[in-house]
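One structure coming up, written as structure tokens, with questions to follow.
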Amino acid sequence: MIRYALARAARLIGSLAAVSLITFGLLQLVPGSFAQLSQLGSTSLGSDSVDAEASANRANEVPAWLQYLTFMRGFVTWDMGPSYKYPQNSVESLIADALPVSLTLATLAIVLTLLLAVPIGVVAALRKGKIVDTGTMFVVTLLQALPGYLLALLLVLVFSVWLKVLPLRGWESPANLVIPVIALAAYPTAILARYVRSSMLESLREEYVTAALAKGGKPATVVVRHVLRNSLIPLVTAVGPIFAGLTVGTVFVEVLLGIPGIGRLFTLAARTRDMPLLMATTLVFAAILMIVNLLVDLAYGLLDPRIRHAEVAARKRAIGRRSIDAPSPSPGRSPGIDVTSNGISKRGAES
């Protein structure tokens, strides 16, 4: 298991380095600079505009390769220097303030998703082909096709503008959580509900379910203890990427509702071409996705040992193929066998 985890961690580090190189290269190709944007008045810097332009101009004078190495060293040590737009704040402090907001939204959204998706999927599977199944799958399909930001707009229109029971924007009270959490949970709820339904239907066709019912087991007990339990194990692979996607996918909802999360910070950095902040938020997004996928791989390897054993066996087969493809020894000589002048093996003669 340790070897399996180390292999996955090494892959994560290599992928993160590749993302950083690609991001930095693309940012170098973008026309314009922070100083030009601030002169147009699009950044609203106020009294800090002179310092921000000076720091941006100084950074532009440094060679690109040195900028990249300096930034990556700062990212690894979590000391990335000041932001161009907010020169009085460091990049890491801005991310440290914004990331908990996005993680709170993602955590509440995934909890709401599980509370809704599992019962919906179970009921739809147990009532397959009936009106309950058809109705729930229709609603699920509708939610799956509805973008989160559009659902957030509809919720704002209904609950904030018409009914006036929820705040319109901001992050001041628990009431501000309702609309963004519902908007973020809609799509993953649709995905997981269909996933649970399919997994339940597959488990219901297994022979052990028929045997348990034939032995006199109560249908509710069989469904809860056997069918549902085995159907929820594969959800580990689905919940992890969905949580990571919610964390990095809050951009539109945060901008729309004025929530000070990392998604809003990312759009602000992209709009003003704040290079340090944009690089940092991009790498944080990538790191979240990769770390969650790593945890999912490790959890699945613990739940199903066949996965890590299959990887070890594949590695051994690869080593075996390399040894087979290695150059054969010279004619007349065999590894481990001594040949006499008359061509008879000494081992054979001794035997």
Side-chain angles (χ1 to χ4, degrees), residues 16 19-20 23-24 27 34 37-38 42-46 48 51-52 55-56 59 71-72 74-112 148-149 152 156 167-185 188 240-293 295:
L16 195 60
V19 170
S20 66
T23 304
F24 185 81
L27 290 178
F34 178 85
L37 292 175
S38 62
S42 62
T43 57
S44 302
L45 288 172
D48 297 324
D51 295 335
S55 61
F71 176 81
M72 290 306 298
F75 183 78
V76 172
T77 59
W78 201 241
D79 184 13
M80 291 168 280
S83 164
Y84 288 172
K85 180 170 176 56
Y86 303 105
Q88 70 277 13
N89 295 323
S90 63
V91 172
E92 59 271 13
S93 65
L94 292 173
I95 294 177
D97 292 337
L99 186 58
V101 176
S102 297
L103 290 178
T104 300
L105 289 178
T107 302
L108 294 176
I110 200 67
V111 170
L112 181 61
Y149 64 89
V156 166
L168 185 64
R169 290 168 57 88
W171 188 253
E172 290 81 19
S173 67
N176 292 106
L177 292 169
V178 177
I179 291 179
V181 168
I182 294 176
L184 291 173
I242 286 177
F243 176 78
L246 285 174
T247 305
V248 303
T250 58
V251 177
F252 296 108
V253 174
E254 288 178 359
V255 173
L256 180 66
L257 299 178
I259 298 174
I262 194 170
R264 185 167 176 263
L265 194 65
F266 172 79
T267 58
L268 182 63
R271 190 170 63 246
T272 60
R273 202 166 183 254
D274 189 343
M275 288 279 290
L277 188 58
L278 187 56
M279 275 286 293
T281 52
T282 303
L283 289 182
V284 168
F285 281 152
I288 291 173
L289 285 170
M290 294 175 188
I291 290 173
V292 171
N293 288 330
L295 295 177

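Since the structure is predicted, the reported quantities are computational estimates derived from the model, not experimental observations.
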Do the side-chain N and O atoms of S83 and D274 include a donor-acceptor pair separated by under 3.5 angstrom? yes
Distance-only criterion, 3.5 Å: show the donor-acceptor pairs between side-chain atoms of residues 95-105 and protein atoms not counting sequence neighbours.
residue: S102; atom: OG; partner: E254; partner atom: OE2; Å: 2.6
residue: S102; atom: OG; partner: I262; partner atom: N; Å: 2.9
residue: T104; atom: OG1; partner: P100; partner atom: O; Å: 2.7

Kindly compute the distance separating CG (L257) from CG (L168), expressed to the nearest 0.5 Å. 8.0 Å
Answer yes or no: is there a side-chain heavy-atom contact under 4.5 Å between L278 and R273?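 SC-SC contact between L278 and R273 ruled out.
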L112: side-chain contact (heavy atoms from CB on, under 4.5 Å) partners, not counting sequence neighbours: L116, V181, I182, A185
Set of side-chain contact (heavy atoms from CB on, under 4.5 Å) partners for T77, sequence neighbours left out: D79
Taking C-beta and beyond as the side chain, do Y84 and T272 meet within less than 4.5 Å on heavy atoms?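 They are not in contact (no side-chain heavy atoms under 4.5 Å apart), so the answer is no.
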Is the closest side-chain donor-acceptor distance between S93 and S90 under 3.5 Å?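 Per modelled atom types, S93 and S90 side chains form a pair under 3.5 Å.
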With a 4.5 Å cut-off on side-chain heavy atoms, are P167 and E172 touching? no
Within a strict 4.5 Å, meaning less than it, do heavy atoms of the L94 and Y86 side chains meet? yes
Results of side-chain hydrogen bond (donor to acceptor under 3.5 Å, both in side chains) for N176 - residues two or more places apart only: S173
State which residues pass ring pair (Phe, Tyr, Trp, His ring centres under 6.0 Å) with F24; sequence neighbours excluded, sorted by chain then number. Y68
What pairs meet the ring-ring contact (aromatic ring centres under 6.0 Å, His included) rule with one or both residues in residues 251-273, with sequence neighbours excluded?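 Applying ring-ring contact (aromatic ring centres under 6.0 Å, His included) to every pair that reaches into residues 251-273, excluding sequence neighbours, yields Y149-F252, F266-F285.
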Pairwise side chain to side chain donor-acceptor pair (under 3.5 Å) hits with a residue in residues 278-289, at least two apart: none
A286 and V19: which non-hydrogen atoms are nearest, and at how many Å? CB-CG1, 3.9 Å
Looking at every heavy atom in both G170 and I259, which two are closest together, and how far apart are they? O-CG1, 4.1 Å
I want to check something: taking the side chain as every heavy atom from C-beta on, are M279 and V91 in contact at a cut-off of under 4.5 Å?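 No, every pair of side-chain atoms sits at 4.5 Å or beyond.
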Where is the tightest heavy-atom contact between P260 and W171, given as atom of each residue plus distance? CD-CB, 3.6 Å
Hey, mind stepping through L277 and M80 against side-chain contact (heavy atoms from CB on, under 4.5 Å) and telling me if it holds? CA-CA 9 Å; L277 188 58; M80 291 168 280; over 6 Å; no
Using modelled atom types only, decide if a donor and an acceptor are shared between the side chain of T23 and the backbone of S20 within a distance under 3.5 Å.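 No; zero donor-acceptor contacts below 3.5 Å.
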Just by distance, do the side chain of R169 and the backbone of L256 share a donor-acceptor pair under 3.5 Å?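 Between the backbone of L256 and the side chain of R169 there is a qualifying donor-acceptor contact (under 3.5 Å).
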Might you point out which heavy atoms bring A183 and A152 nearest each other, and give the distance in Å? CB-CB, 3.8 Å
Answer whether the closest heavy-atom distance between the side chains of M275 and L27 falls below 4.5 Å. yes
Quick one, M290 with L16, criterion side-chain contact (heavy atoms from CB on, under 4.5 Å). Give me CA distance, side-chain angles, the key distance, then yes/no. CA-CA 8 Å; M290 294 175 188; L16 195 60; 4.1 Å; yes
